[in-house]
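Note sheet for the following structure.
Letters A, B, ... are given to chains in the order of the sequence lines, protein chains preceding strands, and every chain is numbered from 1. Computed over heavy atoms, backbone and side chain alike; hydrogens, waters and symmetry mates excluded.
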2 protein chains.
Amino acid sequence: MSGSTDDIENLIALMAKLPGLGPRSARRAVLHLIRKRSMLLSPLADAMTQVAISARECLNCGNVGTSEICDLCQDDRRATGELCVVEDVADLWAMERAGVFKGRYHVLGGTLSALDAVGPEDLRIPQLADRVVSEEITEVILALNATVDGQTTAHYIADQLDGQVRLTSLAQGVPIGGELDYLDDGTISAALRARKDL
Amino acid sequence: MSGSTDDIENLIALMAKLPGLGPRSARRAVLHLIRKRSMLLSPLADAMTQVAISARECLNCGNVGTSEICDLCQDDRRATGELCVVEDVADLWAMERAGVFKGRYHVLGGTLSALDAVGPEDLRIPQLADRVVSEEITEVILALNATVDGQTTAHYIADQLDGQVRLTSLAQGVPIGGELDYLDDGTISAALRARKDL
């Protein structure tokens, strides 16, 4: 590659493929990077190269990390007998940010979908049954998204594990700080059905 | 750097510094990058390294490119005697996308600002006067933003070049496809003052 403006155009085209950036914001980001070459562009290039080399999926749970078995699966304090099933790594990170779950995770890598021909074998569902036995799991928490595919997947897993462990799912209701006026009807009716005595 | 999840956290922290990305969208972007390692992450790392090496400011106009004098300044067909003055490179790119201006550009690198102590010497204003003479410029188009600082800068430049060349600025009015209801009062009154006979 010799020095030409194609280098910059090429970078803009690649940046525009990131979720949340379009062609216009990619251009703005690249200009910002060029202005902050030593503070941001070079460190970012190095960090990306490093992650491209080191990032891998945990063989046990599907989390993203830099070793064959991720930090969470290696941590013995996490062997609480509770296993939280999530759709993808972003959901695992969201749970970890909440900081309230102390057990281990199982990342499915998606949801069952008849439309997209995603079956149980395409997800990490067979491994889930294995882990329930080998890690002596007593409770499986299904933290799947409240979408049709997410709930279909939850039902399928519940069928598979029925009788082997305690199965739970996240409570549905009004988000903290949520205003009723801005909530969809489904959430309001779920919150009403699950109403609690004060 | 040995393999640890710190690599990934470090990449997220750097990505979050890009304009248009926050901590949450940076995390999402990094997950996307890791999933598309060979298609996106590695090419992006290489493209950033390449741009970090090759990108430079054009010594003549301030445009960003990969040579000492940018492609626009090297193109003799651009020597039309028209010079378009813009605040920054993003504005130059916006003008080029419109594809209607065939002359050369002069990138100031900001606007005059008493508040931020930005004077003419901090911008590419002295070079502008030199270029008007050396490149036999006949018309300087002031394409500065319609902000207070932008207009102050335009007036300052107009004072400096008064009598030497024809000075023009972009027309103000209703944007194509713009709805009056969504326009600010200043734009509407400018459009009314500059109204044209049908």
(message) For Thr66(A) and Asp7(B), which I'm curious about, is there any donor-acceptor pair between the side chains at under 3.5 Å?
(response) no
(message) Between Leu44(A) and chain B, with a heavy-atom cut-off of 4.5 Å, which part of the residue counts as in contact: side chain, backbone, both or neither?
(response) both
(request) Measure the shortest side-chain to side-chain distance between Asn145(A) and Thr111(A) over non-hydrogen atoms and say whether it is less than 4.5 angstrom. (result) no
(request) Determine whether Ile125(B) and Val107(B) fall in the same hydrophobic cluster, where Ile, Leu, Val, Met, Phe, Trp and Tyr are linked whenever their side-chain heavy atoms lie under 4.5 Å apart. (result) no
(message) Taking Val148(A)'s backbone N and O only, do any of them form a donor-acceptor pair with Thr152(A)'s side chain (distance below 3.5 Å, no angle check)?
(response) yes
(request) Report the option among Pro19(A), Gly20(A), Ala13(A) that has the most heavy-atom pairs separated by less than 4.5 Å from atoms of chain B. (result) Pro19(A)
(message) Testing Ile12(B), Asp6(B), Leu14(B) one by one against Asn10(B) for a side chain to side chain contact (heavy atoms under 4.5 Å, CB included), which residue passes?
(response) Leu14(B)
(message) For Ile53(A), which atoms come within 4.5 Å of any heavy atom of chain B: side chain, backbone, both, or neither?
(response) backbone
(request) Let me know if Ile34(A) has heavy atoms under 4.5 Å from chain B in its side chain, its backbone, both or neither. (result) side chain
(request) Answer yes or no: is there a donor N or O on one side and an acceptor on the other, between the side chain of Ser25(B) and the main chain of Leu21(B), under 3.5 Å? (result) no
(message) Using the rule that Ile, Leu, Val, Met, Phe, Trp and Tyr join whenever any side-chain heavy atoms are under 4.5 Å apart, tell me whether Leu40(B) and Val64(A) fall into a single cluster.
(response) yes
(message) Quick check on the structure: residues of residues 77-103 of chain B within a heavy-atom distance below 4.5 Å of chain A, by number.
(response) Asp88(B), Val89(B), Ala90(B), Trp93(B), Arg97(B)
(message) I'd like to know which of Arg35(B), Arg27(B), Lys17(B), Arg28(B) tops the heavy-atom pair count under 4.5 Å against chain A.
(response) Arg27(B)
